[in-house]
Amino acid sequence: GENVEQHPSTLSVQEGDSAVIKCTYSDSASNYFPWYKQELGKRPQLIIDIRSNVGEKKDQRIAVTLNKTAKHFSLHITETQPEDSAVYFCAAGILGFQKLVFGTGTRLLVSP
Amino acid sequence: NAGVTQTPKFQVLKTGQSMTLQCAQDMNHEYMSWYRQDPGMGLRLIHYSVGAGITDQGEVPNGYNVSRSTTEDFPLRLLSAAPSQTSVYFCASSSRDGYGYTFGSGTRLTVV
């Protein structure tokens, strides 16, 4: 089955810096890669996703890149703000089969 | 729309007791899933369903039962609670095209 590894487990940056979180997956059949943000005590919320037919997707300060050959994908947050502080999860799965496998999470701390 | 509604929000059980975690969605989503979240382990899939009457096991199904008699509801049953089932449980749903899960607010379960 699918296995997703996520690094780093914690990431501390200064406000305004960029943050990068990386994930690798094992199942070459996976074609859908969402990212979730979870604030303390809250539910995970989808922030961006990418399908395997594109290599990059951007939404304002957030971007995701995908390298299918190497089976890894990354989340990039630019101009970080304190409200970006949260735990971020990557996931991988196959559209239509709904067995999303999640990484173990990255705790991002943005200091003012 | 209420989205995905989970009840109860908090529950304390004694070892050996049984209970049902309720999950309902009003978005007419075909797909529903149950995840458990433990510190340092991300979100792990317990059971999922691709439609009424259809369920399947995820990564960690032991000790849990599910059924899907309607599109809206997907209850999770703990048969005989064990301390290892102390966790936060999230229900999630998505449409057939699978573009991202909508998560419920979670149930924090403690087994003593």
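In what follows, every heavy atom counts, from backbone to side chain, and hydrogens, waters and symmetry copies are set aside. In what follows, chains carry the letters A, B, and so on, assigned in the order in which the sequence lines appear, proteins first and then strands, with residues in each chain numbered from 1.
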Exercise. Taking side chain to side chain contact (heavy atoms under 4.5 Å, CB included) as the test, write out the residues that go with B/N65, two or more places apart.
Key: B/R77, B/L79
Within the supplied structure, the quantity of interest is the number of heavy atoms (other residues, nucleotides, ligands) at a distance under 6.0 Å from [X] [atom1]; does it exceed 12?
X: B/I54; atom1: CD1; result: yes
X: A/Q60; atom1: CD; result: no
X: B/R44; atom1: CZ; result: yes

Quiz item: Do the side chains of A/Y25 and A/W35 join up, straight or via other hydrophobic residues, at under 4.5 Å, putting them in one cluster?
Solution: yes
Which atoms of [X] are under 4.5 Å from chain A, going by heavy atoms: the side chain, the backbone, both sets, or neither?
X: B/Q37; answer: side chain
X: B/Q6; answer: neither
X: B/V4; answer: backbone

Self-check item: Short side-chain donor-acceptor distance under 3.5 Å, B/D73 and B/T70
Solution: yes
Practice problem: Using distance alone, with no hydrogens and no angle criterion, decide if A/D17 and A/T80 have a side-chain donor and acceptor under 3.5 Å apart. | Solution: no
Exercise. Applying side-chain hydrogen bond (donor to acceptor under 3.5 Å, both in side chains), run through B/Q11 and B/T110 and close with a yes or a no.
Key: CA-CA 6 Å; B/Q11 183 71 49; B/T110 302; over 6 Å; no
Practice problem: Measure centre to centre between the rings of B/Y101 and B/F90, then say whether the value is under 6.0 Å. | Solution: no
Quiz prompt | Residue A/P34 versus chain B: region with a heavy atom under 4.5 Å | solution =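 A/P34 has no heavy atom closer than 4.5 Å to chain B.
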Self-check item: Region of A/Q38 in contact with chain B, defined by heavy-atom distances below 4.5 Å
Solution: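 Answer is side chain: those atoms of A/Q38 sit under 4.5 Å from chain B.
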Quiz item: Is the B/F103 ring parallel, tilted or perpendicular to the A/F102 ring (thresholds 30°, 60°)?
Solution: perpendicular
Quiz item: What are the residues of residues 103-112 of chain A, in order of number, with any heavy atom under 4.5 angstrom from a heavy atom of chain B?
Solution: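 The list, in residue order, reads A/G103, A/T104.
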Quiz item: Quick one: which residues of residues 84-93 of chain A reach chain B at under 4.5 angstrom, heavy atoms only?
Solution: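 The list, in residue order, reads A/F89.
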Self-check item: Salt bridge present between A/K57 and A/D59 (N-O < 4.0 angstrom)
Solution: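 Salt bridge between A/K57 and A/D59, a charged N being under 4.0 Å from a carboxylate O: no.
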Considering only distance and modelled atom types, tabulate donor-acceptor pairs under 3.5 Å from the side chains of residues 72-79 of chain A, sequence neighbours left out.
{"residue": "A/H76", "atom": "NE2", "partner": "A/T65", "partner atom": "OG1", "Å": "3.4"}
{"residue": "A/T78", "atom": "OG1", "partner": "A/R61", "partner atom": "O", "Å": "3.3"}

